[in-house]
Protein chains: 2
Amino acid sequence: MAKRRRRGSQRVTMGEVARLANVSPSTVSLYLRRPDEVSPGRAEKIQAAIDRLGYLPNTMAGGLASSRSNVIGVLVPTITNSFFSETLETLERHLRSAGYQLLIGNTEFDDAREEELIRSILSWNPVGLVLTGFLHTRKSLSVLANNDTPIVEMWDYGQPGLDMVVGFSHHACGRLVAEHMLRQGRRRMAFVSTNFQRDVRARDRYHGFRDTVEATGGTVELRELSGRSHAEETGRLTHALMQDHPEIEAIACSNDMVALGVLCECQRQAWDVPGRIALAGFGNLDFTTSTVPPLTTIEPPRREIGQHTARLLLASLASELPEAEKRLDLGVRLVERESV
Amino acid sequence: MAKRRRRGSQRVTMGEVARLANVSPSTVSLYLRRPDEVSPGRAEKIQAAIDRLGYLPNTMAGGLASSRSNVIGVLVPTITNSFFSETLETLERHLRSAGYQLLIGNTEFDDAREEELIRSILSWNPVGLVLTGFLHTRKSLSVLANNDTPIVEMWDYGQPGLDMVVGFSHHACGRLVAEHMLRQGRRRMAFVSTNFQRDVRARDRYHGFRDTVEATGGTVELRELSGRSHAEETGRLTHALMQDHPEIEAIACSNDMVALGVLCECQRQAWDVPGRIALAGFGNLDFTTSTVPPLTTIEPPRREIGQHTARLLLASLASELPEAEKRLDLGVRLVERESV
DNA sequence: ATGAAAGCGCTAACAC
DNA sequence: GTGTTAGCGCTTTCAT
């Protein structure tokens, strides 16, 4: 038998609970928010009524009445990627346990979409907003300026920012990899990257790499994929790169997936890694321990970003934060394995 | 200078827009919902006022007044995993473009947590609910029964379900892999798995595998990891497995990450894959094309699940769906590569 | 096509 | 400690 869908059939209200418990609605409300301020006897009756009726408070009504939502908006470029999804998972755990509901938006690396999402989320009257990176449209900035919600820009560091900042320097990531390769005596380098248009942070890592290498007289060939990493394209690109520049002795990649594609091509061509070519990635993804050889990479503070973003947001919800505590560089760690 | 945080400072309301545009609030409301039902002259004035004041409608107030939210709740075991995150991404794209806001909850493979999240999300008065799988606590079921929201249970198939079902049979996944291995003449098999407690669907795949192999007189050794796949533990387990059962000629894994761990151990021990050991995974993760040899695996319909879940939900929001259309088996595809 | 009025379900003063 | 009252910002009849 098909379940009857009582569309619009009202759910149990606080008033009905109140009636059943023989108290006023405001007592029920009080009981729900500060249980120990109602007498034990009534508290018990109210709880019984709630259980009996299966009452669930209406969050929207509560939010409207108190003109204070428990909503926090979070915008990430994609959730299909352990970088942001781990940050998100940590963020959501910390924020939910503090009583907040996350509103997650997927910008798909598109700032016009970010603009739309910002408006959409702002219409929920969030008490906080988390954005990824510093790149926002003019309109986004003006909408945000009209608004006094605490904002954290995460996953990046090195620019002033709108309010709070929790991240790390992608430029430093590139530098770290470069320094490590230089230390191993490599001079002729290449950087194979996902598309810069799509991911501005990959470009920052490239700049850090290139600047450091060139400062010591080395050279860097840049190769950009057309989109996100794709094993075949990466292979082809690497093959062409080595054909044009057989002198290359180290390849840094914008992330581990790209590095895997390159490594795979090296295996096909029987180019020894790291003997003939040193190879490094970014992200310290799970599989990097399992490749042959294990991949040298950069560990970004995925979960720490989530944790500290939550902390800063919560703190700034409690009281205005001193300027000095509003910006946090979490740093990164070079994971030295055997591919360099 | 620190930005003054006007806490509680009211945002621009519809009333203020109305005043500026010299119309009544209800006209503004009408303009926002059905623009072509207000005269062009006023429409223009209203839009001007909106732009001028930077007005953003208050979703909560709207939802309360119309007693109809635009919220859809989604509960997944984890977003840190391309299985669910790709489904989620697709689901969110389709649902958002239809005007809905997703409320995402992370159950962390814990049904007590799911119960909490269900209550928490129900308090937003969602017009739809998406759950992962069929496993819910008694209390969850009773809360859900008190509720007439359309529900989709996704990522699984083969049980009655609460309302709508969009997924595939994990038992069939195991069977497919088994049949393929049997076809290649393998008889002594093993199944290496993430923990069944954590992921019930891995157990279903195991059962499908075992039942099929044993039906033809083959044998299956089961090895369960203590938690989620971890390269080291997988390596150790595989080593011990082969020591105890050197006769094993095929290993099926509960997912690709586990398979990678096993493959890695095979490389270390110089056991030829697939010569000595055939190997298969589940998930068709990105890296599976890049391993040596490329990994035979199962492609689950991640994005299709999201797409069809959205479609069913939207349809059932428009009108009661016939029973026949409420259950969808999307099937899976064996991706034959070189590891079997 | 437009506006007045009555809520939506709850919270927050305030009085008792 | 408890109830009364007045909104929160919007939508929705229902007149006009």
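Letters A, B, ... mirror the listed sequences (proteins, then strands); counts begin at 1. These numbers were taken from a predicted model, which means no experiment stands behind them.
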How long is the straight-line distance from CG of B:Asn147 back to CG of B:Leu162, given to the nearest 0.5 Å? 11.0 Å

Without decimals, in angstroms, what is the distance between B:Tyr31 OH and C:dT2 P? 12 Å

A:Arg327 charged N/C atom sitting above A:Tyr157 aromatic ring, 6.0 Å / 45°: yes

Residues 95-138 of chain B vs ring pair (Phe, Tyr, Trp, His ring centres under 6.0 Å), sequence neighbours excluded, gives A:Trp124-B:Trp124

Using a 6.0 Å cut-off, check whether atom CZ of B:Arg311 has over 12 heavy atoms from anything other than its own residue. yes

Side chains of B:Ile151 and B:Leu144: closer than 4.5 Å at any heavy-atom pair? yes

For B:Arg34, which residues count as a side chain to side chain contact (heavy atoms under 4.5 Å, CB included) partner, sequence neighbours excluded? B:Leu30, B:Glu37

Pair B:Arg302-B:Ser82, side-chain donor/acceptor within less than 3.5 Å: yes

My understanding is that only residues two or more places apart in sequence, or in another chain, count here; which of them pass ring pair (Phe, Tyr, Trp, His ring centres under 6.0 Å) with B:Phe84? B:Trp155

Residue-phosphate contact under 4.0 Å: A:Ser24 side-chain N/O, D:dG3 OP1/OP2: yes

Under-4.0 Å side-chain N/O to phosphate OP1/OP2 contact, A:Thr27 with D:dT2: no

Here the gap from B:Ile72 atom CD1 to B:Glu92 atom CD, rounded to the nearest 0.5 Å, amounts to 11.0 Å

Describe, as an angle rounded to 10 degrees, how the axis at the first end of the helix from C:dA1-D:dT16 to C:dC16-D:dG1 is tilted relative to the axis at the last end, five pairs per end. 30°

Contact list (N/O, under 3.5 angstrom) for nucleotides 11-13 of chain D vs protein:
residue : atom : partner : partner atom : Å
D:dT11  : OP2  : B:Ser29 : OG           : 2.6
D:dT12  : OP2  : B:Arg33 : NH1          : 2.9

Name every residue in residues 35-48 of chain B that has at least one heavy atom under 4.0 Å from any atom of DNA chain D, in order of residue number, or write none if there are no such residues. none

Pair B:Ser142, B:Arg138: side-chain N/O donor-acceptor within cut-off below 3.5 Å: no

Is A:Tyr55 near enough to C:dC10 that one of its side-chain N or O atoms lies under 4.0 angstrom from OP1 or OP2? yes

Taking C-beta and beyond as the side chain, do A:Gln307 and A:Arg93 meet within less than 4.5 Å on heavy atoms? no

Can you tell me the distance, in whole Å, between the CG atom of A:Asn70 and the C1' atom of C:dT11? 14 Å

Closest-nucleotide ordering on DNA chain C, the 5'-leading residue of B:Asn125 and B:Val23: B:Val23

